[in-house]
Amino acid sequence: MSVTIKSADEIRKMREAGRLLGIVHNEMHEALHAGMTTKELNDFGEKLIEKLGCRPNFLHYQGFPAAFCISVNQEVVHGIPRKSRVIREGDIVSIDAGLIYEGMHSDAARTWGVGKISPEAQKLIDVTRESFFRGIEYAKQGRYLYEISGAIGDYASSFGYGVVRELTGHGIGKALHEDPAIPNYRQSRKGVRLVRGMTLAIEPMINAGKADVVWKEDGWTVVTRDGSLSAHYENTVLITDGEPEVLTLVQGDSHGSGN
Ligand code: MG
C-alpha cells in the first residue's frame, strides 16, 4: 500500500475541489423537499456541478449510472437516484457527492432529515456527524490512521449503534479512491503513520440497529439487514502538522457544522 503525498499545487486544486463540493451540498440541501424524486435531486446537483465548471466523479465510476448516490432511510450508501423514488416528509436522505476540479477529486456526504423527522432519526444523524469530528482529532502528522478509525467507532458504538464494517473511507487525490482504506471501527493494528500532505475521505456509515448490511439486486444499493435507519457523513480532509483541514466544508457553513 502506498499513500500519495500531495504537492502544493495539488493541494491548491483539492482545496478548490472541496470548496465547490461544499457549495453543491449546501445548494442540494436547500433544494431537498418532500414530494421530489431522488432523480430530480440528482439532476439538480449535476447541473450545478457543470455550472461550476467541474465534472461529477461518481458518474460511470465502475458503471455507477448517476452523478450522486442518494440513499433513503434504511439505505446505507450507493442508492441509485430514480424517477420512481419519491422523497417523503420524515425521511432521512443521505447524499454522497464528489467532483473533479483540474484533475483533482473531492468527496463528501451528508444525511438530512426531510421536514419533521423522529427524535431517534435526528439523534442518529447527529451522532454520525459527531463521530467524524471525534475521528479527525487524530488526523494529523505523527498520529496513526487507525486512531481515527477507533475514535469514530468507539463514539458511535457508545450509543448502541451498529458501525458498518464492509465499507470504508479512503485516500483521495488524482483518483476518487486511493490507498489507504479507512475503517470506521477499532483495529488491533495502528495503520500507517500520517504525514502532512495526505488527503483522506473519512466517512462513518452508522446504523441505528445492527451493523450488518446487504447489497440489493441492483448490485449497488447497500441496506441495513435489519431494516433500521442508517446515516452517512463524510469530508475530504488534508493532513497537516497541526489541525486537519476539512476541505469540503464551506467556511461559516451552518449546514455542515451541525444544523
Ligand atoms: Mg467516499
Side-chain angles (χ1 to χ4, degrees), residues 1 3-4 6 13-15 17-22 24-25 28 42 45-46 49 54-71 75-81 93-101 103-112 125 128-129 131-133 135-136 139 145-146 148-149 152-153 156 163-185 191-192 194 198-207 213 215 219-223 230-239 244-249 256:
M1 181 176 72
V3 183
T4 59
K6 275 68 182 183
K13 289 171 180 168
M14 287 191 73
R15 281 199 182 103
R19 188 184 72 85
L20 294 172
L21 188 58
V24 170
H25 264 301
M28 288 180 80
N42 175 84
E46 190 172 349
I49 288 178
C54 301
R55 281 190 296 126
N57 49 12
F58 294 178
L59 184 63
H60 308 316
Y61 182 83
Q62 296 181 355
F64 190 76
F68 299 88
C69 301
I70 302 179
S71 310
E75 293 171 355
V76 180
V77 287
H78 305 165
I80 300 172
V93 176
S94 299
I95 302 171
D96 195 350
L99 59 77
I100 310 170
Y101 170 81
M104 301 306 287
H105 290 251
S106 58
D107 186 6
R110 309 276 184 264
T111 300
W112 305 116
I125 290 172
T128 301
R129 178 186 172 283
S131 73
F132 165 88
F133 287 98
I136 66 166
L145 183 69
Y146 296 157
I148 300 172
S149 305
I152 290 170
V163 177
V164 175
R165 291 177 169 239
E166 286 90 338
L167 298 147
T168 65
H170 49 94
I172 182 168
K174 282 185 188 153
L176 172 58
H177 290 133
E178 297 185 350
D179 286 339
I182 310 171
N184 292 303
Y185 59 99
V192 297
L194 300 176
M198 290 179 174
T199 42
L200 307 174
I202 299 168
E203 50 177 319
M205 290 153 267
I206 308 296
N207 301 342
V213 297
W215 269 255
W220 283 103
T221 314
V222 182
V223 297
S230 186
H232 188 197
Y233 186 82
E234 175 185 29
N235 285 299
T236 299
V237 174
L238 170 67
I239 302 299
E245 206 178 308
V246 181
L247 302 182
T248 42
L249 272 181

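Just so you know, ligand 1 is whichever comes first in the structure, and atom 1 is the first atom listed for that ligand.
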Could you tell me how the ring of F133 sits relative to the ring of Y233: parallel (under 30°), tilted (30 to 60°) or perpendicular (over 60°)? tilted

Are the side chains of I70 and V93 in contact, using a 4.5 Å heavy-atom criterion? yes

Ignoring water, what protein N, O or S atoms are under 2.8 Å from the Mg ion (ligand 1)? D107 OD2, H170 NE2, E203 OE2, E234 OE2

Expected output: side-chain T111 to main-chain H232 donor-acceptor under 3.5 Å: yes

Do S230 side-chain atoms and I206 backbone N/O form a donor-acceptor pair below 3.5 Å? yes

Do the charged groups of E234 and R110 touch, with an N to O distance under 4.0 Å? no

Output a table of donor-acceptor pairs, distance under 3.5 Å, between side-chain atoms of residues 163-171 and any protein atom two or more places apart or on a different chain; print 'none' if there are none.
from, atom 1, to, atom 2, distance (Å)
H170, ND1, L176, O, 3.1
H170, NE2, D107, OD2, 3.0
H170, NE2, E203, OE2, 3.2

